[in-house]
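Read through the structure below, which is laid out as structure tokens, and then see the notes.
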There are 2 protein chains.
Amino acid sequence: MITGQTASMEDYLEAIAKLAEEDPEVRVTVISKRLGVKKPSVTAALHKLSEEGLVEHPRYGCVQLTQEGRRIATDVIRRHEVLFRFLSEILGLTSDIAQEDACKVEHSLSPNSLERLSKFVEFVLTSPRGEPSCLKGFNHYLEHGERGKQLPAYHSKDES
Amino acid sequence: MITGQTASMEDYLEAIAKLAEEDPEVRVTVISKRLGVKKPSVTAALHKLSEEGLVEHPRYGCVQLTQEGRRIATDVIRRHEVLFRFLSEILGLTSDIAQEDACKVEHSLSPNSLERLSKFVEFVLTSPRGEPSCLKGFNHYLEHGERGKQLPAYHSKDES
DNA sequence: TATAATTGTTAGGCATAGCTAACAATTATA
DNA sequence: TATAATTGTTAGCTATGCCTAACAATTATA
């Protein structure tokens, strides 16, 4: 997809990286459970990733990411995190939905859009004081169906 | 995907609907050109969609959406539009990139997230006066790399 | 340590969705 | 109207990626 891997292979790399954080002994079975696929599917995927030099996987042994595999996994995880924060903290979706959707969208957003979204999330959430102003307005809008009347109106100092 | 169709079939339905807007005589060749696939791929897809009652396609004839096909196409187009507006008007990405990414993401965003995103776009872009305040701040942030100092700070009337 | 349980692999099948090459139908034109 | 150009279809191949059934290796336990 964006990393040169298919969405499916990105999922495997991401899963392996996340599982390794909890227990470095990453086995076929846990990958299978995490991704909701059967073990033979995992074996097949690992073969492919192994051929491409993205994982090491001795027969009947534990799975490890190579440097390149880790690089890609890290990239996918970053995408996931940016999307998750946007969906949960800005749009205010539940953690479950945000996770699910981040998992799907993380494979298709271009680097350009991802970077912009990242900056946007950072901007909206790092408010100088307390809850970000823009979000407060949006939450009011969500709850009451209409825009809360705002005092003076927001002006930045250097406005034209 | 979300509509019960694969991403690929959603693409065909969307393309057919959009092409029909310009010329109701939708032929295999124009679909093929629009989607960047070869004609036999289009024929195969139309067979499938036809079996599912989503298009009508007499041999060597023009393609038409059925009611159900149109319903799905309309849904996909709506997703596309919401995403496109978010990417272009809020994140400020170029039209090209926004189109491309909307095309990819439109298949994977859950209805829940889509509705929230839609409300968010509406909220941010329908500012009571001129350029939406939140966006102004973000654009400054993008250009200068730091937040513009804001006067009084935004307060909604009904704040706790 | 022999047996049972677990874990991993292989083989073979299926659906999706693209492709090329060859052919058939349709439409345009000489 | 016969021929050429275009358009559409079929057949057959490929790759991805999932599945089940059967088997093999490993690990745990009686």
Side-chain angles (χ1 to χ4, degrees), chain A residues 1-16 19-20 22-65 69 72 76 103-104 106-108, chain B residues 1-16 19-20 22-65 69 72 76 103-104 106-108:
Chain A
M1 306 256 52
I2 274 67
T3 59
Q5 292 297 310
T6 62
S8 177
M9 291 304 128
E10 284 183 2
D11 279 336
Y12 283 105
L13 293 172
E14 185 185 19
I16 293 162
L19 288 167
E22 301 211 337
D23 181 350
E25 306 258 296
V26 179
R27 315 226 64 132
V28 167
T29 303
V30 292
I31 299 173
S32 149
K33 276 175 189 151
R34 181 177 178 112
L35 292 180
V37 298
K38 301 297 177 181
K39 287 183 291 170
S41 306
V42 176
T43 304
L46 291 176
H47 272 150
K48 204 176 206 189
L49 293 171
S50 195
E51 270 173 29
E52 296 183 65
L54 302 178
V55 304
E56 276 170 39
H57 178 222
R59 241 166 158 256
Y60 294 97
C62 289
V63 182
Q64 277 200 306
L65 294 172
I72 295 175
V76 176
C103 272
K104 290 180 286 174
E106 72 193 7
H107 305 294
S108 42
Chain B
M1 308 254 53
I2 274 67
T3 59
Q5 291 298 310
T6 62
S8 176
M9 292 304 129
E10 283 184 1
D11 279 335
Y12 283 104
L13 293 172
E14 184 184 19
I16 293 162
L19 288 167
E22 301 210 339
D23 182 349
E25 306 260 295
V26 179
R27 315 226 62 130
V28 167
T29 304
V30 291
I31 300 173
S32 149
K33 276 175 189 151
R34 180 176 177 111
L35 292 181
V37 300
K38 300 296 177 181
K39 288 183 291 171
S41 305
V42 176
T43 303
L46 291 177
H47 272 150
K48 205 176 206 189
L49 293 171
S50 195
E51 270 173 29
E52 296 183 63
L54 302 177
V55 304
E56 276 171 39
H57 178 223
R59 241 166 158 257
Y60 294 97
C62 289
V63 182
Q64 277 200 305
L65 294 173
I72 296 176
V76 176
C103 272
K104 290 180 286 173
E106 71 194 8
H107 305 294
S108 41

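Below, read A as the first sequence line, B as the second, and so on, with proteins coming before strands; counting in each chain starts at 1. Owing to the predicted nature of the structure, the values given are computational and were not obtained by experimental measurement.
A residue-by-residue look at A/G36 and A/Y60 shows that A/G36 has its nearest nucleotide of DNA chain D further toward the 5' end.
Residue contacts for B/S41: at a heavy-atom cut-off of 4.0 Å it reaches a base atom on one of the strands shown.
Ranking D/dC18, C/dA17, C/dG18 by closeness to the B/T6 side chain, first place goes to C/dA17.
Between A/K48 and D/dA15 there is no side-chain polar atom (N or O) within less than 4.0 angstrom of OP1 or OP2. Proximity of A/R59 to the phosphate of C/dT10: a side-chain N or O atom is located under 4.0 Å from OP1 or OP2. OP1 or OP2 of D/dC18 sits under 4.0 Å from a side-chain N or O of A/Y12. Not one side-chain nitrogen or oxygen of B/K39 sits closer than 4.0 Å to the OP1 or OP2 atom of D/dT9. Within the structure, a side-chain polar atom (N or O) of A/T43 is placed less than 4.0 Å from OP1 or OP2 of C/dT9.
Rounded to a whole Å, the NE2 atom of A/H57 is 9 Å from the C1' atom of C/dT9. Atom P of nucleotide D/dA15 and atom CE of A/M9 are separated by 15 Å, given to the nearest angstrom. One interatomic measurement links the two molecules: NZ of B/K38 to C1' of C/dT20, which rounds to 9 Å at whole-angstrom precision. Distance B/H47 NE2 to C/dA15 P: 18 Å, rounded to the nearest Å. Whole-Å rounding puts the B/H107 NE2 to C/dT16 P distance at 17 Å.
Contact check of residues 22-35 of chain B against DNA chain D (heavy atom, cut-off under 4.0 Å) returns B/R27, B/V28, B/T29.
In this structure, A/K104 and B/S108 approach most closely via the heavy-atom pair NZ-O, 3.0 Å. Among all heavy-atom pairs drawn from A/V37 and A/S32, the shortest one is O-OG, 2.8 Å. Contact detail for A/V63 and A/L46: the closest heavy-atom pair is CG2-CD1, 3.7 Å. A/M9 and A/K48 make their closest contact through CE-CD, 4.2 Å (heavy atoms, listed as atom of the first residue, atom of the second, distance).
At distances below 3.5 Å, not a single donor-acceptor pair connects side-chain atoms of B/R34 with backbone N or O atoms of B/Y12.
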Dot-bracket notation for DNA chain C is requested: 5' to 3', Watson-Crick or G-U wobble pairs only, both distances under 3.5 Å, with ( ), [ ], | and . as defined.
||||||||||||||||||||||||||||||
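Between A/I2 and A/H107 the shortest side-chain heavy-atom distance does not fall below 4.5 Å. The shortest distance between side-chain heavy atoms of B/S50 and B/V55 falls below 4.5 Å. For the pair B/V30/B/E25, no side-chain contact is recorded, criterion being any heavy-atom separation below 4.5 Å from C-beta on.
Evaluation of the side-chain hydrogen bond (donor to acceptor under 3.5 Å, both in side chains) rule for B/T43 yields no partner, not counting sequence neighbours.
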